[in-house]
Amino acid sequence: MERVTGIGGVFFRAEDPSKLTAWYAEHLGVDPPPLSYETSPWWQQPGPTVFAAMPADSEHFGAAANSWSINFRVVDLDAMVRQLREAGIEVDVDTEEYPNGRFAGLRDPEGNGIQLWQPAGADLRGSP
């Protein structure tokens with residue numbers, strides 16, 4: 001069977017796309033979409049990706065109006081959390097350490113869920 005090789009883009013509705021794009025660039029380092037085909041978009045490091053459908057009433061998304069969330073891998077969760085908090089962004093760090101790593105959660109300016117994940121265990125070993 002032919003398989004996809006990864007996620008090539010994440011597209012979502014926003015009340016103020018320019019403002020939200022700038023927020024992701026400033027606080028998480030996600031480069032904005034290129035303005036021409038001569039410029040490459042943001043590149044992510046290779047690593048594990050979870051693609052999961054969740055129940056419609058899942059509390060993972062927060063308000064019922066929010067139908068998506070994104071999980072970003074990070075190298076140093078504590079440093080990222082410190083950086084975000086210094087910028088005045090509320091971040092909740094999960095106190096439990098899981099076999100697959102540590103997690104923290106926050107919301108972007110439009111209320112969309114963001115999870116930060118510092119992988120550990122099997123998720124650091126590379127692709128199968």
Side-chain angles (χ1 to χ4, degrees):
M1 178 182 100
E2 192 66 25
R3 296 177 59 134
V4 299
T5 60
I7 295 173
V10 176
F11 306 92
F12 54 96
R13 291 185 172 105
E15 294 295 321
D16 190 336
S18 296
K19 182 178 177 181
L20 201 55
T21 295
W23 186 89
Y24 276 89
E26 178 182 351
H27 297 293
L28 299 177
V30 177
D31 297 331
L35 299 176
S36 74
Y37 290 107
E38 286 75 42
T39 305
S40 178
W42 174 63
W43 278 69
Q44 61 180 314
Q45 295 178 357
T49 301
V50 175
F51 184 81
M54 299 179 79
D57 62 351
S58 172
E59 294 181 13
H60 180 83
F61 303 101
N66 300 103
S67 62
W68 70 275
S69 71
I70 191 161
N71 173 300
F72 288 112
R73 293 184 308 270
V74 299
V75 173
D76 186 334
L77 183 66
D78 295 322
M80 178 62 83
V81 168
R82 192 168 37 255
Q83 172 183 299
L84 292 165
R85 286 179 173 165
E86 286 172 1
I89 298 167
E90 186 178 326
V91 183
D92 296 318
V93 178
D94 191 331
T95 56
E96 187 170 345
E97 289 195 30
Y98 299 89
N100 65 330
R102 298 178 54 223
F103 296 87
L106 63 143
R107 299 228 169 255
D108 72 17
E110 294 196 6
N112 299 303
I114 299 170
Q115 188 176 58
L116 303 175
W117 172 34
Q118 181 178 321
D123 291 322
L124 286 179
R125 288 198 275 271
S127 60

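Numbering of residues begins at 1 and proceeds along the displayed sequence. Everything numeric here is computed off the predicted structure, so don't read it as measured data.
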Is a side-chain N or O of [X] found less than 3.5 angstrom from the main chain of [Y], in a donor-acceptor match?
| X | Y | result |
| --- | --- | --- |
| Asp108 | Leu20 | no |
| Gln83 | His27 | yes |
| Glu110 | Asp16 | yes |

What distance do [X] atom [atom1] and [Y] atom [atom2] have between them, rounded to the nearest 0.5 Å?
| X | Y | atom1 | atom2 | answer |
| --- | --- | --- | --- | --- |
| Asp31 | Thr21 | CG | OG1 | 11.5 Å |
| Lys19 | Tyr24 | NZ | OH | 13.5 Å |
| Leu28 | Leu116 | CG | CG | 6.5 Å |
| Leu106 | Arg85 | CG | CZ | 10.0 Å |
| Leu84 | Ile114 | CG | CD1 | 8.5 Å |

Report task. Please report the closest heavy-atom contact between Val81 and Ala104, naming both atoms and the distance. Result -> CG2-CB, 4.0 Å
Query raised in the report: Where do Arg102 and Leu77 come nearest, in terms of heavy atoms and distance?
Result: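 Arg102 and Leu77 have their closest heavy atoms at CB-CD2, 3.7 Å.
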Report task. Determine whether Asp78 and Gln118 make a side-chain contact, defined as any pair of heavy atoms from C-beta on separated by less than 4.5 Å. Result ->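 The answer is no, as the side chains (C-beta and beyond) never meet within the 4.5 Å cut-off.
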Report summary line: Contacts of Asn71 meeting side chain to side chain donor-acceptor pair (under 3.5 Å) (sequence neighbours excluded), chain-then-number -> Gln115
Are [X] and [Y] linked, directly or through other ILVMFWY residues, by side chains that come within less than 4.5 angstrom of each other?
| X | Y | result |
| --- | --- | --- |
| Val91 | Trp117 | no |
| Phe61 | Phe12 | no |
| Ile7 | Val74 | yes |
| Phe103 | Trp68 | no |

With a 3.5 Å cut-off and sequence neighbours excluded, list the donor-acceptor pairs that the side chains of residues 37-55 form with protein atoms.
{"residue": "Glu38", "atom": "OE1", "partner": "Ser36", "partner atom": "OG", "Å": "3.4"}
{"residue": "Ser40", "atom": "OG", "partner": "Trp43", "partner atom": "NE1", "Å": "2.6"}

